[in-house]
Amino acid sequence: MAIRAGILLMLATLAPLAKSAGVCTPLRVGYMDQNRPPYWMGEGEQVPEPPGAAVDLIRNAVMGSGFNCLPTLVRLPVARLRVALEAGDIDMTPLAEQPSYSAEIALPRDKDGNIDRNRALHNTLVVLVRVKDKIPAGANPNEYFRGKVLGSPQGNAYNARLRDAGLTIDDGARDLERNIEKLKLGRVDGVVVNLVKPEHLALTLKRYRGVVVQLPQPLINTRLWLAFNATYYRAHHDQVEALWSWLDSHRGRLGDVMQKYRKQE
């Protein structure tokens with residue numbers, strides 16, 4: 001008993017010293033294996049450099065939260081990400097708002113035990129339309145597009161929530177540009193896009209010379225969690241909590257890191 005007590009005392013003494021010395025806490029981050037510039041770059045398992053604005057943001061959050069080393073990036077098909085997280089094959093992945101979450105998934109909680117909506121990535125979704133369709137600028141997208149078809153990139157986390165809201169979503173195209181082409185051809189009635197920074201979307205629309213415009217009223221506000229495997233969370237509670245708090249304190253960082261990719265266009 002004395003020996004065991006001595007070992008436990010030694011470990012308790014060394015733990016804070018190891019943390020202060022910058023010992024690496026390994027973290028496996030899973031994300032989609034499709035090319036979705038500027039957020040996710042490249043195809044398949046290979047991680048390119050630069051990897052995309054969303055990956056840069058995750059790296060910033062990890063390095064600012066006491067993990068003391070860059071995460072290992074694991075690219076997977078969209079349908080496998082949640083299953084891999086629950087199974088512990090990856091430790092963290094972006095996860096959209098859902099009606100319920102399994103016990104194997106850890107999300108930030110407030111003091112009352114409810115999901116903390118502040119410590120998340122906040123998305124404002126807007127709709128792009130054709131000028132020649134003469135949709136009133138004051139139209140409420142949630143009402144106007146009932147019974148119509150909205151194009152949204154394949155695999156986007158918010159597509160399920162839009163369908164749950166009663167909207168018809170065509171997610172056959174893989175990126176914004178292909179969806180805008182479908183809009184121009186009249187194959188969809190509008191295109192959903194995440195408004196990270198208004199000036200970035202304005203630059204994109206400028207390429208279409210006034211043929212496509214943004215409706216002023218947002219379609220919906222959504223959140224994207226950096227969700228952790230519950231076992232990993234219990235083992236690395238402090239770092240995970242610090243990461244979620246980092247997101248709350250750096251809400252504008254995604255728009256900032258996107259600048260690097262905009263300059264490459």
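Since this is a predicted model, take the numbers as computed values, not measurements. Just so you know, residue 1 is the first one in the sequence shown, and it goes up from there.
Proximity of V212 to L183: side-chain heavy atoms (C-beta onward) are separated by under 4.5 Å at one or more points. Proximity of N60 to R253: side-chain heavy atoms (C-beta onward) are separated by under 4.5 Å at one or more points. Looking at E43 and D33, their side chains never come closer than 4.5 Å, going by heavy atoms from C-beta outward. At least one side-chain heavy atom of V129 sits under 4.5 Å from a side-chain heavy atom of V213. In this structure the side chain of L162 reaches within 4.5 angstrom of the side chain of V192, judged on heavy atoms. Between P51 and M41 the shortest side-chain heavy-atom distance does not fall below 4.5 Å. Counting heavy atoms from C-beta outward, L95 and L224 have side chains that stay 4.5 Å or more apart. Using a 4.5 Å heavy-atom threshold, the side chains of V193 and L125 count as separate.
When the side chains of ILVMFWY residues are joined at heavy-atom separations under 4.5 Å, either directly or via intervening members, I220 and L215 end up in a single hydrophobic cluster. A single hydrophobic cluster is not seen to contain both V127 and L176; linkage of ILVMFWY side chains at heavy-atom distances under 4.5 Å, directly or through other members, places them apart. Y158 and I105 fall into different hydrophobic clusters, where Ile, Leu, Val, Met, Phe, Trp and Tyr are joined by side-chain heavy atoms under 4.5 Å apart, directly or via other members. Hydrophobic clustering (side-chain heavy atoms under 4.5 Å, transitive across Ile, Leu, Val, Met, Phe, Trp, Tyr) groups L57 together with Y31. Linking Ile, Leu, Val, Met, Phe, Trp and Tyr whenever their side-chain heavy atoms come within less than 4.5 Å leaves V191 and Y144 in two separate clusters.
Atom CD of Q214 and atom CG of L205 lie 7.0 Å apart (nearest 0.5 Å). The structure places CG of L107 at 6.0 Å from OH of Y101, a figure rounded to the nearest 0.5 Å. Here the CD-OG1 distance, from E199 to T204, works out to 11.0 Å after rounding to the nearest 0.5 Å. The CZ atom of R119 lies 13.5 Å from the CZ atom of R223; values are rounded to the nearest 0.5 Å. The distance from atom CG of D238 to atom CG of L243, rounded to the nearest 0.5 Å, is 12.5 Å. The CE atom of M32 lies 9.0 Å from the OG1 atom of T93; values are rounded to the nearest 0.5 Å.
Across A53 and M258, no two heavy atoms sit closer than the pair CB-CG, 3.5 Å. Nearest heavy atoms, V83 versus A79: CG2-O, 4.2 Å. For I169 against S152, the heavy-atom pair with the smallest separation is CG2-CB, 3.9 Å. Across Q34 and V78, no two heavy atoms sit closer than the pair NE2-CG2, 4.5 Å. Of all non-hydrogen atoms in P94 and G30, the two that sit nearest each other are CD-O, 3.4 Å. Between W225 and R117, the shortest heavy-atom distance links the atoms CH2-CA, 3.6 Å.
With respect to D171 and R163, a salt bridge is recorded, a charged nitrogen being found less than 4.0 Å from a carboxylate O. D116 and R109 are not joined by a salt bridge, as no carboxylate oxygen comes within less than 4.0 angstrom of a charged side-chain nitrogen. Taking the charged nitrogens against the carboxylate oxygens, R59 and E49 do have a contact shorter than 4.0 Å, which makes a salt bridge. In summary, R178 and E181 do not engage in a salt bridge, as defined by a charged side-chain N under 4.0 Å from a carboxylate O. Taking 4.0 Å as the cut-off between side-chain N and carboxylate O, K260 and D56 count as a salt-bridged pair. Using a 4.0 Å cut-off between charged nitrogen and carboxylate oxygen, E177 and K182 do not count as a salt-bridge pair.
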For N118 and R251, what are the C-alpha separation, side-chain angles and deciding distance, and is it a side chain to side chain donor-acceptor pair (under 3.5 Å)?
CA-CA 9 Å; N118 289 322; R251 292 190 181 186; 3.2 Å; yes
Side chain to side chain contact (heavy atoms under 4.5 Å, CB included), that's the test. Do V29 and T72 meet it? Break it down for me.
CA-CA 6 Å; V29 174; T72 299; over 6 Å; no
Criterion side chain to side chain contact (heavy atoms under 4.5 Å, CB included) on V131 and V211, from CA distance to verdict
CA-CA 6 Å; V131 169; V211 174; 5.9 Å; no
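No side-chain donor-acceptor contact under 3.5 Å links S65 and Q239. Between the side chains of N221 and T124, at least one donor N or O sits under 3.5 Å from an acceptor N or O. With hydrogens and angles left out, the side-chain atoms of E97 and T222 include no donor and acceptor closer than 3.5 Å. The closest side-chain donor-acceptor pair between N194 and N123 falls under 3.5 angstrom.
Taking the six-membered ring where the residue is Trp, H236 and Y232 present tilted rings, their angle falling between 30° and 60°. Aromatic ring pairs are classed by plane angle as parallel below 30°, tilted from 30° to 60° and perpendicular above 60°; the pair F228 and W244 is perpendicular. Aromatic ring orientation, W246 versus H250: parallel (interplanar angle below 30°, classes split at 30° and 60°).
Within 6.0 Å of CD in E45 there are 12 or fewer heavy atoms belonging to other residues, nucleotides or ligands. Other residues, nucleotides and ligands contribute at most 12 non-hydrogen atoms within 6.0 Å of the CZ atom of R80.
Cation-pi contact between K206 and Y208: absent, since separation from the ring centre below 6.0 Å together with deviation from the ring axis within 45° is not met.
If you run side-chain contact (heavy atoms from CB on, under 4.5 Å) between P71 and each of L27, I90, D91, only L27 comes through.
M63 belongs to a hydrophobic cluster whose other members, connected by ILVMFWY side-chain contacts under 4.5 Å either directly or through intermediates, are L70.
Side chain of D110 to backbone of D112: a donor-acceptor contact under 3.5 angstrom is found. Judged purely by atom type and a 3.5 angstrom limit, R28 uses its side chain to pair as donor or acceptor with the backbone of G88. Side-chain N or O atoms of D189 include none that pairs as donor or acceptor with a backbone N or O of L150 at under 3.5 Å. Side chain of R75 to main chain of G42: a donor-acceptor pair is present (N/O by atom type, distance under 3.5 Å, no hydrogens or angles). Checking side-chain atoms of N159 against main-chain N and O of P153 turns up a donor-acceptor pair under 3.5 Å.
Counting only residues at least two apart or on different chains, the disulfide bond (SG atoms under 2.5 Å apart) pairs with a member in residues 33-109 are C24-C69.
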